[in-house]
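Working notes for the structure below.
Each chain gets a letter, A, B and so on, in the order its sequence line appears, and its residues count up from 1. The figures that follow rest on heavy atoms only: side chains count, while hydrogens, waters and symmetry mates do not.
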There are 2 protein chains.
Amino acid sequence: MTIQFLTSNAQPIDPRIEKLVNDLIGRIAAKWTMLILELLAQRGEMRFTQIGRAVEGISQKMLTQTLRQMERDGLVHRTVHPVVPPKVEYRLTDLGLTLGEAFCGVWTWAEAHLERIEAARAAFDARD
Amino acid sequence: MTIQFLTSNAQPIDPRIEKLVNDLIGRIAAKWTMLILELLAQRGEMRFTQIGRAVEGISQKMLTQTLRQMERDGLVHRTVHPVVPPKVEYRLTDLGLTLGEAFCGVWTWAEAHLERIEAARAAFDARD
DNA sequence: ATTTATACTCACCTAAAAGAGAGTGTTATG
DNA sequence: CATAACACTCTCTTTTAGGTGAGTATAAAT
């Protein structure tokens with residue numbers, strides 16, 4: 001998912017910035033990223049399989065993929081303990097934590113307005 | 001995009017609520033929804049083609065689809081003026097406005113942390 | 001000797017999302 | 001008479017996301 005930034009007002013925006021905002025927003029808005037962010041914000045440091053069990057329905061592939069992207073973006077920190085069987089721990093970086101906080105508003109909004117939305121939908125579907 | 005809510009703690013959640021939160025978060029986190037929300041929050045009432053021009057890269061199909069979903073969820077209000085050529089105006093409802101505000105935190109975060117992320121990526125890609 | 005656990009990767013496949021492009025009805029305008 | 005504007009809809013094709021199931025290395029436990 002890539003987001004195209006709006007060039008609403010005539011001022012040209014640095015296309016580098018534009019591109020970064022686009023795919024950044026796309027990334028954080030992604031399904032699994034949000035859930036993992038939430039989870040790590042609540043629980044602190046966790047291991048790979050632990051996260052996999054907590055985020056219901058995620059496949060190993062998506063878990064790895066999402067964690068890698070988050071690591072690359074500096075949202076999570078990955079610690080590998082060179083033991084056998086392997087032990088890898090993930091935790092949010094400062095950056096990740098602040099993003100979690102920013103997103104918190106959206107989650108709260110969603111929870112708070114569930115009923116109004118349900119009502120709006122029912123009303124909409126009942127029209128005609 | 002559908003979101004699977006985490007049933008992390010053992011307490012069973014009403015599956016109705018669960019489902020609604022899931023697809024609600026999925027919906028609002030969606031690419032075009034966020035962009036249109038932003039746009040209407042800034043500019044107020046706008047016509048179909050105006051929005052289409054402002055949200056660069058959106059297809060007519062996606063524009064219609066996204067606006068319809070937002071209307072159904074009670075986020076935007078749609079006013080049809082029965083004239084020819086047709087005139088349809090869209091504006092955020094109160095609900096839409098509050099969501100815009102909640103999302104504002106995320107946009108602000110993205111803008112504020114662009115550089116750190118760019119740096120994190122560069123560092124990550126340079127490893128090995 | 002076999003199984004188990006961990007944290008993955010890889011190749012293949014399907015389903016869903018999104019894009020492209022044409023078509024529609026009506027009126028004003030050149 | 002042809003074209004343009006508006007707000008769409010419809011169909012077709014491409015792209016992307018994501019699922020599935022297998023495989024890997026190593027050591028400890030059974």
Side-chain angles (χ1 to χ4, degrees), chain A residues 1-6 22-23 25-36 39-40 45-72 76-91 124 127-128, chain B residues 1-6 19 22-36 39-40 45-72 76-91 124 127-128:
Chain A
M1 190 212 281
T2 326
I3 294 230
Q4 226 128 343
F5 196 65
L6 37 144
N22 288 354
D23 74 40
I25 293 280
R27 181 82 37 84
I28 60 186
K31 182 175 174 173
W32 302 121
T33 307
M34 287 182 54
L35 294 173
I36 293 176
L39 184 69
L40 290 179
E45 200 160 34
M46 289 179 81
R47 301 180 61 178
F48 183 85
T49 356
Q50 250 184 314
I51 302 177
R53 272 192 289 262
V55 180
E56 204 161 303
I58 197 170
S59 64
Q60 283 192 327
K61 177 181 157 187
M62 279 296 106
L63 183 52
T64 313
Q65 208 173 99
T66 310
L67 285 170
R68 282 292 127 72
Q69 287 174 344
M70 293 175 79
E71 193 194 353
R72 182 167 115 99
V76 300
H77 185 254
R78 179 166 175 267
T79 317
V80 183
H81 302 277
V83 296
V84 70
K87 179 171 182 178
V88 181
E89 289 183 312
Y90 294 90
R91 63 180 159 77
F124 183 92
R127 289 187 343 199
D128 293 342
Chain B
M1 191 213 287
T2 326
I3 296 230
Q4 226 128 343
F5 196 64
L6 36 146
K19 189 171 175 306
N22 288 353
D23 74 40
L24 182 62
I25 294 281
R27 178 83 39 84
I28 61 186
K31 182 178 176 173
W32 302 121
T33 308
M34 287 182 54
L35 295 173
I36 293 175
L39 184 69
L40 290 179
E45 199 159 34
M46 289 181 82
R47 303 179 61 176
F48 184 85
T49 356
Q50 251 184 314
I51 302 177
R53 272 192 289 263
V55 180
E56 205 161 303
I58 197 171
S59 64
Q60 285 193 325
K61 177 181 156 185
M62 278 298 106
L63 183 52
T64 313
Q65 209 173 97
T66 309
L67 285 171
R68 282 293 126 72
Q69 286 174 344
M70 293 175 79
E71 194 194 353
R72 183 167 114 99
V76 300
H77 184 255
R78 178 166 175 268
T79 318
V80 183
H81 301 277
V83 296
V84 72
K87 180 173 184 179
V88 181
E89 288 184 313
Y90 294 90
R91 65 180 158 76
F124 184 92
R127 290 187 342 200
D128 294 341

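D:dA7 atom P lies 10 Å from atom CG of B:Leu63, rounded to whole Å. In this structure, CE of B:Met46 is placed 13 Å from P of D:dC6, rounded to the nearest angstrom. Taking atom NE2 of residue B:His81 and atom C1' of nucleotide C:dT27, one finds them 18 Å apart after rounding to whole Å. Rounded to an integer number of Å, the gap from CD1 of A:Ile58 to C1' of D:dT20 is 15 Å.
Remark: B:His77 NE2 to B:Glu71 CD distance equals 7.5 Å, nearest 0.5 Å. To the nearest 0.5 Å, atom OH of residue B:Tyr90 and atom CD1 of residue B:Ile51 are 7.0 Å apart. With rounding to the nearest 0.5 angstrom, the CZ atom of A:Arg72 is 15.0 Å from the CG atom of A:Leu67. To the nearest 0.5 angstrom, B:Met70 atom CE is 14.0 Å from B:Arg78 atom CZ.
Across all their heavy atoms, A:Gln65 and A:Met62 have their closest contact at OE1-CE, 3.2 Å. What you find for B:Gly52 and B:Ile58 is that their closest heavy atoms are O-CG2, 3.9 Å.
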Would you tabulate the nitrogen or oxygen pairs shorter than 3.5 Å linking the protein to nucleotides 6-12 of chain C?
unit_1	atom_1	unit_2	atom_2	d
C:dT6	O3'	A:Arg47	NH2	2.9
C:dT6	O3'	A:Pro86	O	2.8
C:dA7	OP1	A:Arg47	NE	2.8
C:dA7	OP1	A:Arg47	NH2	2.9
C:dA7	OP1	A:Val88	N	3.2
C:dA7	OP2	A:Thr49	N	3.2
C:dA7	OP2	A:Thr49	OG1	2.2
C:dC8	OP1	A:Arg68	NH2	2.9
C:dC8	OP1	A:Arg78	NH2	2.6
C:dC8	OP2	A:Tyr90	OH	2.6
C:dC8	N4	A:Gln60	OE1	2.2
C:dC8	N4	A:Gln60	NE2	3.3
C:dT9	OP1	A:Arg68	NH1	3.0

